[in-house]
Amino acid sequence: MPDDADTDSESALFTYGVPFVGVLVVAVGIAAAVPGAYGLIQEDLTTCGAPTVAVESPEETDRRFADSPPPTVDRLEFASLAPSERAAFEAALDDPIGEAHVEGPFPNAGAFENGTLVTYEGEDYYATVVADNPCFETAPLQFPLGVFAIALGVVGILTPPVYRKLVELERGLE
């Protein structure tokens with residue numbers, strides 16, 4: 001026959017210990033699932049993976065280089081840019097602050113990162129990358145494992161009250 005002290009300690013462990021562990025597992029699951037979910041949908045919400053380029057007007061470009069750009073600055077013809085680069089360049093020209101995202105292949109990224117002169121309609125425009133906009137990296141199973149941990153934690157939290165309810169029902173049937 002079990003001692004009352006043993007029964008009380010088992011009851012306290014079952015009543016408080018199991019739900020506490022369940023809460024910890026839920027917390028770990030939330031910490032994994034939220035960034036994992038963000039990693040799955042971030043490309044739809046943000047411009048991650050699409051670097052931002054800034055294009056200066058010909059007047060600003062002349063002021064920057066005083067009519068003699070250093071030989072270290074690359075020169076590119078607008079026609080030689082990739083379609084995504086051309087679209088971003090033209091979008092930056094139309095943008096009030098002169099910035100746009102390169103969405104797609106970016107074969108001249110090295111030249112833009114160092115700053116380059118792009119010849120467009122006979123005039124030189126200084127263009128450079130002002131933000132890389134990298135994507136948040138997540139593990140492929142981070143979201144599903146986080147959801148599983150949340151579900152497992154909820155089971156741990158709900159086990160004592162469900163068990164007590166089942167015992168109560170069983171006693172009511174006797």
Which pair of non-hydrogen atoms, one from [X] and one from [Y], has the smallest distance, and what is that distance?
| X | Y | value |
| --- | --- | --- |
| A92 | V55 | CB-CG2, 3.7 Å |
| L81 | F112 | CD2-CE1, 3.9 Å |
| A88 | V53 | CB-CG2, 4.1 Å |
| T159 | V155 | OG1-O, 2.5 Å |
| A50 | E103 | CB-CG, 3.7 Å |

- [ ] Determine yes or no for a side-chain-to-main-chain donor-acceptor pair under 3.5 angstrom, with S84 supplying the side chain and P105 the backbone.
- [x]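 Checking the backbone N and O of P105 against the side chain of S84, a donor-acceptor pair under 3.5 Å is found.
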Open item on the list: Test your reading of the model: is there a side-chain donor-acceptor pair from Q42 to the backbone of C48, 3.5 Å cut-off?
Closed with: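 No, the answer is negative, given that no donor and acceptor are paired below the 3.5 Å cut-off.
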Open item on the list: Salt bridge or not between K165 and E168? Use side-chain N to carboxylate O under 4.0 Å.
Closed with: yes
Distance check, rounded to the nearest 0.5 Å: [X] atom [atom1] versus [Y] atom [atom2]?
| X | Y | atom1 | atom2 | answer |
| --- | --- | --- | --- | --- |
| R64 | D124 | CZ | CG | 13.0 Å |
| Q142 | E137 | CD | CD | 11.0 Å |
| D74 | E113 | CG | CD | 11.5 Å |
| I157 | L24 | CD1 | CG | 9.5 Å |
| S57 | R63 | OG | CZ | 6.5 Å |
| F106 | H101 | CZ | NE2 | 12.5 Å |

Linked, directly or transitively: [X] and [Y] (ILVMFWY side chains, under 4.5 Å):
| X | Y | value |
| --- | --- | --- |
| V129 | V102 | yes |
| V167 | V18 | yes |
| L76 | Y120 | yes |
| V28 | V34 | no |
| V147 | V25 | no |

Side chains of [X] and [Y], heavy atoms from C-beta outward: is any pair under 4.5 Å?
| X | Y | result |
| --- | --- | --- |
| N108 | T116 | no |
| T46 | N133 | no |
| R164 | T15 | yes |

Open item on the list: A quick test of your reading: do over 12 heavy atoms of other residues, nucleotides or ligands sit less than 6.0 Å from CD of E90?
Closed with: yes
Open item on the list: Testing F89, F78, F65 one by one against Y125 for a ring pair (Phe, Tyr, Trp, His ring centres under 6.0 Å), which residue passes?
Closed with: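 Testing each of F89, F78, F65 against Y125, the sole residue satisfying ring pair (Phe, Tyr, Trp, His ring centres under 6.0 Å) is F89.
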- [ ] Mind telling me whether Y163 and F14 have parallel, tilted or perpendicular rings, with 30° and 60° as the class edges?
- [x]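 F14 vs Y163 ring planes: perpendicular.
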